[in-house]
Amino acid sequence: YTAPVAMVNLHNDEEIIAAVGSPVVEKETGANQNGEPMTTYYFGDDQRNSLELSLSREFVDVAWKYDQDNPEKAAAVFEDGQRISRALLGGKEGSNLYEAIAKGQKIDTLHLEDGTEIRKARCGSSVCRYQIVR
């Protein structure tokens, strides 16, 4: 929380991917819920503890999976989730969203002061996720 994180341009895929700070292990192309082309980037080869970003023209989808039975690995992936949230939304807003969902809050739609819209923010039994409208 104390290390500053540079905010990225939500329309620059390369900047978003670089902000993760880890190499892309795998990438898949597909379509988002509206049928638009989308690319999903996986950061980490442990499918139970990893961050993934899905980027389309319309959305930035952020998800991190964690194995609650492995607290050390889960803590590391939560740190990745917190860092990318701060990079995408700004330090204060990203931290606020991260903390809210990590504590169990579900947010259907959130509008930030700068006009950014966040949808479907929540954490489940083994995954935290949210979507940013571009």
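As the structure is a prediction and not an experimental result, all values here were calculated from the model.
If you take CG on Asp46 and CG on Asn70, they are separated by 7.5 Å, rounding to the nearest 0.5 Å. The line from CG of Asp114 to CG of Leu10 is 8.0 Å long, rounded to the nearest 0.5 Å. With rounding to the nearest 0.5 angstrom, the CG atom of Asp61 is 10.5 Å from the OH atom of Tyr130.
Heavy-atom minimum distance, Thr40 versus Ser54: OG1-OG, 2.8 Å. In plain terms, the two heavy atoms of Tyr66 and Gly124 that are nearest each other are OH-O, 2.8 Å. Closest heavy-atom contact between Phe59 and Arg134: O-NE, 3.5 Å. Leu97 and Ala121 make their closest contact through CD1-CB, 3.8 Å (heavy atoms, listed as atom of the first residue, atom of the second, distance). Considering every non-hydrogen atom in both Gln68 and Ser125, the closest pair reads OE1-O, 3.0 Å. In terms of heavy atoms, Arg86 sits closest to Ser95 at CD-OG, 3.3 Å.
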Show, in sequence, the C-alpha distance, side-chain angles and deciding distance for Leu55 and Ile17, and conclude whether the side-chain contact (heavy atoms from CB on, under 4.5 Å) test is met. CA-CA 10 Å; Leu55 306 176; Ile17 293 162; 4.1 Å; yes
Tyr42 and Val24: CA distance, side-chain angles, deciding distance, side-chain contact (heavy atoms from CB on, under 4.5 Å) verdict: CA-CA 6 Å; Tyr42 299 92; Val24 173; 5.9 Å; no
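Residue pairs meeting the salt bridge (charged side-chain N to carboxylate O under 4.0 Å, His left out) criterion with at least one member in residues 115-125, sequence neighbours excluded: Glu117-Arg119. Within the structure, every pair that satisfies the salt bridge (charged side-chain N to carboxylate O under 4.0 Å, His left out) test and touches residues 18-38, not counting sequence neighbours, is listed here: Glu36-Arg57.
Under a hydrophobic clustering in which Ile, Leu, Val, Met, Phe, Trp and Tyr are joined whenever their side-chain heavy atoms come within less than 4.5 Å, directly or via other members, Ile84 and Met7 fall into different clusters. A single hydrophobic cluster is not seen to contain both Val5 and Tyr98; linkage of ILVMFWY side chains at heavy-atom distances under 4.5 Å, directly or through other members, places them apart.
Put simply, the side chain of Phe78 reaches to within 4.5 Å of the side chain of Cys128, judged on heavy atoms. Using a 4.5 Å heavy-atom threshold, the side chains of Ser85 and Trp64 count as touching. Leu51 is not listed as a side-chain neighbour of Tyr41, based on a closest heavy-atom distance of 4.5 Å or more. Between Val60 and Asp13 the shortest side-chain heavy-atom distance does not fall below 4.5 Å. Using a 4.5 Å cut-off on side-chain heavy atoms (C-beta onward), Ile118 and Ile107 make no contact. Contact of the Leu88 side chain with the Val8 side chain is registered, since non-hydrogen atoms from C-beta on lie closer than 4.5 Å. Residues His111 and Thr109 are in side-chain contact: their nearest non-hydrogen atoms beyond the backbone lie under 4.5 Å apart. Using a 4.5 Å heavy-atom threshold, the side chains of Phe43 and Asp80 count as separate.
Applying the side-chain hydrogen bond (donor to acceptor under 3.5 Å, both in side chains) rule to Asp67 yields no partners; only residues at least two apart in sequence or on another chain are considered.
A salt bridge links Lys65 with Glu52: at least one charged nitrogen is closer than 4.0 Å to a carboxylate oxygen.
A side-chain donor-acceptor contact under 3.5 Å links Asn32 and Ser56. Side-chain atoms of Asn9 and Glu15 include no donor-acceptor pair closer than 3.5 Å.
For Glu79, the CD atom sits in a loose shell: 12 or fewer heavy atoms of surrounding residues, nucleotides or ligands are nearer than 6.0 Å.
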